[in-house]
Amino acid sequence: MTGVLLFQPVCCQPSFAYIIVTLPPFRTAMSAKYRELTGLNLPAFEAEIAKQWSENHTFEKSIAIREGAKPFVFYEGPPSANGMPGIHHVISRTLKDLVCRYKTMKGFKVNRKGGWDTHGLPIELGVEKELGITKEDIGKKISVEEYNQKCREAVLRYKDKWDDITKKMGYWVDLNDPYITFKNEYIETLWWLLSELYKKGLLYESVSIQPYSPAAGTGLSSHELNQPGTYKDVKDTSAVAMFRAVNNEKSKFLFDAANNEELFFMAWTTTPWTLPSNLGLTVGANIDYVLVKTVNPYLHNTIHVVLAKALLGKYFKAENENSDFAAYKNDGKNLPYAILTECKGSAIEGCEYEQLLPFQANSLESIQGLTPDAKPFRVMVDSFVTTEDGTGIVHTAPDFGADDFKVGQKYNLGFFTGINEYGKLDKLVLVDREGKFVDGLGEFSGRYVKNYKDDPNYIDVNVDISVKLKKENRAFKVEKYEHNYPHCWRTDKPILYYPLDAWFIKTTAIKDRMVELNKTINWKPQSTGEGRFGNWLENMVDWNLSRSRYWGTPLPIWRTEDGEEEVCIGSIEELNAGIRKASEVLGGDVNKHYLHEGILDLHKPYVDDIILVSPGGKPMKRVPDLIDVWFDSGAMPYAQWHFPFENKETFKESFPADFIAEGVDQTRGWFYTLHAIACLVFDSVAYKTVVSNGLVLDKNGNKMSKRLGNVVDPFYTINKYGADATRWYLITNASPWDNLKFSWEKPEDKPEYSPGIEEVQRKFFGTLYNTYQFFALYANVDGFAFKEAYIPVAQRPEIDRWILSSLSTVVKKANAFMDDYEPTQAGRVIEDFVDEHLSNWYVRLCRRRFWKGDYEQDKICAYQTLYECLETVCRLIAPVSPFFSDFIFQNLNAVTNRFDAVSVHHVHYPGTASAESPAVAGYDAIDEALEERMQLAQDASSLILSLRKKVNIKVRQPLQKVLIPVLGSGMKEQLQKVEDLVKAEVNIKEVEYLEADNTFIRKKIKPNFVALGKRLGAKMKAVSAGLAAFTQEDIALLEKEGQYNLPVEGEPVILQLSDVDITSEDIPGWMVAGKGSLTVALDVTITPELEAEGNAREFVNRVQKIRKDTGFELTDRIEVKVAATDGLKASLAQYKDYICAEILADTLEFVPEIPQGSAEGIQGIDINDVSLNVIVSKKG
RNA sequence: UGGCCUGUAGCUCAAUGGUAAGAGCCGUUGCCUUAUACGCAACAGGUUAACAGUUCGAAUCUGUUCGGGCCAACCA
């Protein structure tokens, strides 16, 4: 022991999280001993390492020591600190951290500037809730100034918690000098970017159709629309309206077919109140339409209508086709109909029709007064039309639908909305902002389009419109229709889509370039980039930048009242110059508060106070909009450095990023805005590689939410299991981009726990801990400190060369996987190595080498080999498991000083060109044949153990021999080299090989499908059947000749040995087991000789247990008295020397009997069902 | 509603289109251990969500359906 004090818990069920630990200073002067541990207590180790990191500035140094090296650029996506960190933050930050640590170890310089996202709706809504106010109260009950001050205070409310989790989880990021989006410098860069866009003509104001709540009198953000419960099933009056076609050149073919009688286009709507605003009809280019002669089901007159062929069945019964019109009973049922002609939608594009509901307010003059040259009332073609519902012809009202607006613009249908004298757009819509019809719409003027006021006497205007249409021969079908419709989350009233002003970035102008540049980005997983993101880019619309809120980045555009002149401000300096100039030109009190020091805060309400002056000498006020917070975060590559006002060089070095990572939910958020701004302003990608990780779900696959109470607290998890076990679990359990079902159990009366993390802790960290502990124990006994010269690998024993070969293979794979951003695969490979190869084969088989014999060549080989494995594993796992790896690494390095480094995070990753470790540097220790034959040895051992189990013979009982048939060339040589290992492991005296040409074994033959399949194709089945019919003689012939002619359908097929798999099936008269091409047969006869040796080994085992239970030191010599009789006595006597050597006994004395209580330390033992007493005492 | 992802043992995950679909966890039974947290062996557990297709051969490729997730939402 080296002075470590670890107090074990007093309670009977130890929980490592609560062990109180007091540890001495870490690197006590050149200690000669490896620190021996008293338990795997990850949280305690981590606390110790964390303390050391902060004292030694280990993180800062890890960057400083790479000064001058090639940079690896990483961008931190800013979290919002107004909420608590969750377990999903831990996974994405682990991902970021491990890549950055890996790249650092690979020799790059990796700066990690932290940041905070501080604007946005969630913060405002949080403050509103806290103050008990709504948006309408801002500026009334509370001033904008106070409100924004509250927001500013709220944004970093949980910063302490975030800092805490950052530290505890071991996320290395620079939080001393983070970028903060609400700071003036940050906003100034945003303004600069916006002004660049403005100069390029990519920033413009336009109308957009947005969700609007007439009841609340406000537009709604998509965020608000996505609140749970906003979409409700409601019943509305729907109408199929008939639009009377105009007979002209385009429509002539229809009129010809209709005998020049009047004909109608039929269109369905669930919102009849939009019909007065109708400006067009939209059809699908490739949809088939028919002209039908039928009757009006309400007025019973004969009519001609056009609709989609696929939807005929919705309105007509097939048996009434071509039925007698005279037989129609004027009851609206069994409408007779006849198809007169048929055409594609593209054929009726451009047809004109008469306005359905003409009034004064929606007259053509009115429309053209607002939108000159508009050509409304036409049939258009667009891809959004389907034949799922309605008639296949879509009523199009550009004011009240985004699709309608888009297609209307494309065809210049016109618009009821124009810019009025105040530069506002809302006055002339046929429905006002309260949700009622404007004047000039006849009997409908002044009526609410929906019941927004909870008026019990409300009469549905949709019904009245429908009735009017029925009477005028303009309705074909009117009915109640149930559908899913969005509602305002605040008032519960239906929303409507309404034209509102907004500022846009014309991303569509560079769509092709964005698509092109996206193809150069390495997406993990690829499908997110090609599918989700790629499709999103293909279907991109202009970026709506406007937000009508208070706490955010103001849009820096000032405009004169008449809208004639405007400026876009690109810097604080420019604004301050404008402030002074306006004051001079306009005089009076203009900007008087800002003249002295200039503007101090770029937020509302201050920016809104400022009046600028236009070139024409008119006052200009700022437009009221704030910008989308996504612009804030998308601009971080520039704004984090206050580019271009400062840090031009730094920026140049750190753009674009080599790597970013966030959750897949950011695809259309941060990933998009980063890409868009970089493409728009710099014609570049913003990042070269992006990893989008999946969500963390609860164990039932549900999203974690506070509402469901299924969130996993990352603090609890990390405190209980340690960050390393948590990180390792998160990374290795599933690929980062798959959703992770977090294993979590909440038993009734026990603390909650995670079986998944516990397994990782036990299996991986437990094994590694044990391996280190084993090494430290014996290395301390022997004083191994890697002082001897490095023994060339070629001169070491087979098993050492094997584990070093395996290690090199793992190093190679880990590098490849890490380079490919596949940490899950890297972790799994390392995990397998530690568990299966290092611990359960190498150490297991080599144990004796560490405690037997003198300190000479073989022992030093063993120590050097095991040391190198441990050291290399620490370096391999350092990115994922930063604490424990550093802990073990330092414990090792403190004795050997092989690395001149205070932390594993300062050394190079194994396999890096300049690696210090000779054995793995160039992977030249890799010996595939060696790894292959060791696999054979492991398989053979496992087979023999299973045979022993079958006949119930313990491993301690030696057996005489196994028989192994060898097939093919080289197998015998391979096996012979590992024969001794197998014999020792399974306690067998000899191995006998059966050569291939023996006639003793029954063999089985099977086609090698991989080799034969491609060559034979369809003949495969016949060959397969042919081989199944092979006799033992056929197989022997093939083996002897090396080939075989098997005719199939008259044609010869030459089979080579490599075309088939031959395995031994059975050896008559032996216990046999097999796996693949390996078969073993075991001789289970126990001769008296073997039995005696078995007894001796049994006895050794019992005494060793006594030594351990009694608490003797490993090196204590002992004296043993045993009361053995007859056969047992003979066995023990025969192997006396062997026994004494094994148990470090100086004397082994046989006595007739040891009565209970006759002396100290009497122990009863049991050897092969014989009971006897022994006395084991320490000598001296 | 659309786009993308996903569905393999009770649970978590594997399986270059190649023929008994494998591990680990959980349960039961033995065993090994001078490494108290490892493991070994055995038992148990599967119509690879369903259906159809392509192929000599499909968990894997294609289509349809169903379930789960994310994102985007306006479907007339």
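To find a chain, count down the sequence lines: A is the first, B the second, and so on, and within it residues start at 1. Note that the structure is a prediction, hence the values are computed from the model and not measured.
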To the nearest angstrom, how far is Ile757(A) atom CD1 from A37(B) atom P? 21 Å

Name the nucleic acid region contacted by Asn1008(A), choosing base, sugar-phosphate or nothing; use a 4.0 angstrom heavy-atom cut-off, strictly under. nothing

Is there a Watson-Crick or G-U wobble partner for C25(B) with both distances under 3.5 Å, and which nucleotide is it? G10(B)

Report the distance from atom CH2 of Trp737(A) to atom C1' of C5(B), rounded to the nearest whole Å. 14 Å

Rounded to whole angstrom units, what separation is found between the CG atom of Leu838(A) and the C1' atom of G39(B)? 13 Å

Determine the contact category for Gln1104(A): base if any of its heavy atoms lies under 4.0 Å from a base atom, sugar-phosphate if only primed atoms, P, OP1 or OP2 are that close, otherwise nothing. base

Using 0.5 Å steps for rounding, measure from the OH atom of Tyr498(A) to the OH atom of Tyr212(A). 6.5 Å

Is the shortest distance from a Lys or Arg side-chain nitrogen in Lys720(A) or Glu758(A) to a carboxylate oxygen in the other one below 4.0 Å? no

Using a cut-off of less than 4.0 Å, is there contact between a side-chain N or O of Arg762(A) and OP1 or OP2 of C38(B)? yes

Can you measure Phe764(A) atom CZ to C25(B) atom C1' for me and round it to whole angstrom units? 18 Å

Is the phosphate of C38(B), meaning OP1 or OP2, less than 4.0 Å from a side-chain N or O of Asn840(A)? no

Are Trp273(A) and Phe400(A) near enough that their ring centres are under 6.0 Å apart? yes

Considering only side-chain heavy atoms of Val394(A), which listed nucleotide, C38(B), A76(B), A35(B), is closest? A76(B)

Checking all strands, does Lys1006(A) fall into the base, sugar-phosphate, or nothing category for heavy-atom contacts under 4.0 angstrom? sugar-phosphate

On RNA chain B, does the nearest nucleotide to Leu740(A) precede the nearest nucleotide to Leu1144(A) from the 5' side, or the other way round? Give the residue. Leu740(A)

Most 5' of His395(A) and Glu759(A) on RNA chain B, judged by nearest nucleotide: Glu759(A)

Who is the Watson-Crick or G-U wobble partner of C75(B), with both distances under 3.5 Å? none

Judged by atom type as modelled, is there a donor-acceptor pair below 3.5 Å linking the side chain of Tyr778(A) to the main-chain atoms of Tyr863(A)? no

Pick the C1' atom in U8(B) and in A59(B), then give their distance to the nearest Å. 7 Å

Does Gln526(A) have more than 12 heavy atoms from other residues, nucleotides or ligands lying within 6.0 Å of its CD? no

Ser527(A) has a side chain; which of C32(B), C4(B), A41(B) sits nearest to it? C4(B)

Between CD of Gln526(A) and P of C5(B) the distance, given in whole Å, is 11 Å

Base, sugar-phosphate alone, or nothing: which one does Asn1101(A) contact when heavy atoms must sit under 4.0 Å apart? sugar-phosphate

Indicate, with a heavy-atom threshold strictly under 4.0 Å, whether Glu1142(A) touches base, sugar-phosphate, or nothing. base

When the C1' atoms of U60(B) and A42(B) are considered, how many whole Å apart are they? 32 Å

Nearest to the side chain of Leu40(A), heavy atoms from C-beta on, is which of C56(B), A37(B), A76(B)? A37(B)

When the P atoms of A21(B) and G3(B) are considered, how many whole Å apart are they? 36 Å

Over all strands shown, is Arg828(A) touching base, sugar-phosphate only, or nothing at heavy-atom distances under 4.0 angstrom? sugar-phosphate

If you look at every heavy atom in Leu356(A) and Ala241(A), which pair is closest and at what distance? CD2-CB, 3.9 Å

If we ignore angles and hydrogens, is there a donor and acceptor under 3.5 Å between the side chains of Asn987(A) and Arg948(A)? no

Selection from C31(B), C4(B), G39(B) that lies nearest to any side-chain heavy atom of Asp835(A): G39(B)

Using whole Å, report how far CD1 of Ile495(A) lies from C1' of C75(B). 13 Å

Heavy-atom donor-acceptor pair, Ser839(A) side-chain to A35(B) base, under 3.5 Å: yes

Can you tell me how far C1' in U62(B) sits from the matching atom in U54(B), rounded to whole Å? 7 Å

What nucleotide among C31(B), C56(B), A35(B) has an atom nearest to a side-chain atom of Val843(A)? A35(B)

G39(B) and G24(B), which share atom name C1', separated by this distance in whole Å: 13 Å

Identified pairing partner of A52(B), criterion: Watson-Crick or G-U wobble below 3.5 Å: U62(B)

If I pick the P atom on G45(B) and the same atom on A23(B), what distance separates them, to the nearest angstrom? 15 Å

Taking only the side-chain nitrogens and oxygens of Tyr778(A), find out if one of them lies under 4.0 Å from OP1 or OP2 of A35(B). yes

Checking Arg828(A) side chain against Asn733(A) main chain: does a donor-acceptor pair fall under 3.5 Å? yes

Base, sugar-phosphate or nothing for Gly756(A)? Non-hydrogen atoms, less than 4.0 Å. nothing

Whole-Å distance separating the CG atom of Leu1046(A) from the P atom of C56(B): 19 Å

It should be established whether Lys741(A) places a side-chain nitrogen or oxygen under 4.0 Å from OP1 or OP2 of nucleotide U12(B). yes

Side-chain ion pair, Glu831(A) and Lys763(A), N-O less than 4.0 Å: no

Closest to the Thr269(A) side chain, choosing from A37(B), C75(B), A76(B): A76(B)

If I pick the C1' atom on G46(B) and the same atom on A20(B), what distance separates them, to the nearest angstrom? 13 Å

Could you work out which one of C40(B), C75(B), C56(B) sits closest to the side chain of Leu945(A)? C40(B)

Write down the distance separating the C1' atoms in G67(B) and C51(B), rounded off to the nearest Å. 15 Å

Sugar-phosphate only, base, or nothing, as touched by Val1023(A) at under 4.0 Å among non-hydrogen atoms: nothing

Side-chain N or O of Tyr497(A) versus OP1/OP2 of C74(B): is the shortest distance under 4.0 Å? yes

Quick check on G69(B): is either OP1 or OP2 less than 4.0 Å from any side-chain nitrogen or oxygen of Asn739(A)? no

In this structure, how many angstroms lie between the P atom of G24(B) and the NZ atom of Lys763(A), rounded? 7 Å

Is Phe1009(A) stacked against the base of U19(B), taking the criterion as centroid distance under 5.5 angstrom and interplanar angle under 30°? yes

